[in-house]
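First the structure, in the form of structure tokens, and then the observations on it.
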Amino acid sequence: MKAPFELNASTHYLVSIHDVMPETLDRVFEIFGRLEQSGLLPVTLLVVPGRDWRPEDITRLRSLVARGAELAGHGWVHEVERVRGLGHRLHSALISKRVAEHLALDAAGCLELMQRCHGWFSEQDLPLPTLYVPPAWAMGPLSRSALHDLPFRQFETLSGVYATGTSRFRRLPLLGFEVDSRWRRLIVHGWNAVNQKWGGSLQRPIRLGIHPHDFSLQLSDQLDLLIRSGGQGLSYRSLV
């Protein structure tokens, strides 16, 4: 399948690798190397703190920071024990499967999870993240005003990025490649085409969300083409 977008080496990308856990680190390193070769730095690593992190895993994470990675919080364990309510059930079936932690919690539970997430980085003597991305980009039952009490300064959802310092929400196009079925391929292929055209027409940076297994899934050829074509990497901090 051809890429649904025109490749342009001058395009500005906000590049993130999702689901960074001890069990995905080998793939994260491989993907980071590809991005590094194409000059698509900095790369933001979406770290899941509540997994079984060993000291050697933390050391590997620090080595990526030394190479130009920035860190962001990404939930706590990236899975839910139960699906809560009809909305969560639909979201789980259509988009998130069983990873959208926020949808299984009330507002107080979401805030506690995010505080715990941020605190973990300090406990591991890692750079403190300013960006938080909820698993599956699903923020759950939280108002924007509630986010101002958290130590994070930016929050990303499917439609864009909210900065508490300016109370500004920026709508930004997003390209994704996590496709493991034919019907998902059709939906994501169309989604990418629309988002790339939108970003190009408005000259906005394009978010590139990469998951650890994307190079073994059905849109891997598109992702490989895009990365090899290069572009200009941006930090999420540049949006503030």
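All residue numbers in this chain count up from 1 along the given sequence. Here the structure is a predicted model, which is why all the values come from computation and not from measurement.
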Identify the two heavy atoms, one from [X] and one from [Y], that lie closest to each other, and give their separation to 0.1 Å.
X      : Y      : result
Gly209 : His18  : CA-NE2, 3.9 Å
Leu174 : Asn192 : O-OD1, 4.1 Å
Ile31  : His211 : CD1-O, 3.8 Å
Asp19  : Thr24  : O-OG1, 2.8 Å
Arg62  : Asp125 : NE-O, 3.7 Å
Phe121 : Ala72  : CZ-O, 3.7 Å

About how many Å separate [atom2] of [Y] and [atom1] of [X], when rounded to the nearest 0.5 Å?
X      : Y      : atom1 : atom2 : result
Tyr162 : Ser167 : OH    : OG    : 3.5 Å
Ile206 : Asn195 : CD1   : CG    : 8.0 Å
Leu158 : Leu172 : CG    : CG    : 12.5 Å

Next on the checklist: Between Asp224 and Arg34, does the salt bridge (charged side-chain N to carboxylate O under 4.0 Å, His left out) criterion hold? Intermediate values first, please.
Outcome noted: CA-CA 9 Å; Asp224 183 59; Arg34 293 182 187 229; 3.2 Å; yes
Tell me, do [X] and [Y] make a side-chain contact under 4.5 Å, heavy atoms counted?
X      : Y      : value
Ser16  : Val43  : no
Leu131 : Phe155 : no
Tyr13  : Leu234 : no
Phe215 : Ile227 : yes
Arg204 : His12  : no
Leu175 : Arg207 : no
Leu64  : Val28  : yes

Next on the checklist: Just by distance, no angles: are the side chains of Thr11 and Gln232 close enough, under 3.5 Å, to form a donor-acceptor pair?
Outcome noted: no
Checklist entry - So, the side chain of Ser235 versus the backbone of Arg237: is there a donor-acceptor pair under 3.5 Å, distance only? => result yes
Checklist entry - Should Leu219 and Val188 be marked as a side-chain contact (heavy atoms from CB on, under 4.5 Å) after you check the CA-CA gap, both sets of side-chain angles, and the distance that decides it? => result CA-CA 9 Å; Leu219 293 182; Val188 175; 3.8 Å; yes
Item to check | Evaluation steps, side-chain hydrogen bond (donor to acceptor under 3.5 Å, both in side chains), between Tyr236 and Glu156 | outcome: CA-CA 10 Å; Tyr236 275 81; Glu156 183 180 59; 2.7 Å; yes
Checklist entry - Centres of the Phe177 and His213 rings: under 6.0 Å? => result no
Checklist entry - Got more than 12 heavy atoms from elsewhere within 6.0 Å of CZ, Arg67? => result yes
Next on the checklist: What verdict does the ring-ring contact (aromatic ring centres under 6.0 Å, His included) test give for Trp120 and Trp53, after you've listed the backbone C-alpha separation in whole Å, the side-chain angles of each residue and the deciding distance to 0.1 Å?
Outcome noted: CA-CA 11 Å; Trp120 178 87; Trp53 289 90; 5.5 Å; yes
Checklist entry - Taking it one step at a time, do Asp26 and Arg60 satisfy salt bridge (charged side-chain N to carboxylate O under 4.0 Å, His left out)? => result CA-CA 10 Å; Asp26 287 344; Arg60 295 184 74 191; 3.1 Å; yes
Next on the checklist: Check the orientation of Phe152 and His118. Use parallel for under 30°, tilted for 30 to 60°, and perpendicular for over 60°.
Outcome noted: perpendicular
Next on the checklist: side-chain contact (heavy atoms from CB on, under 4.5 Å), that's the test. Do Leu113 and Leu105 meet it? Break it down for me.
Outcome noted: CA-CA 9 Å; Leu113 180 152; Leu105 301 170; 3.9 Å; yes
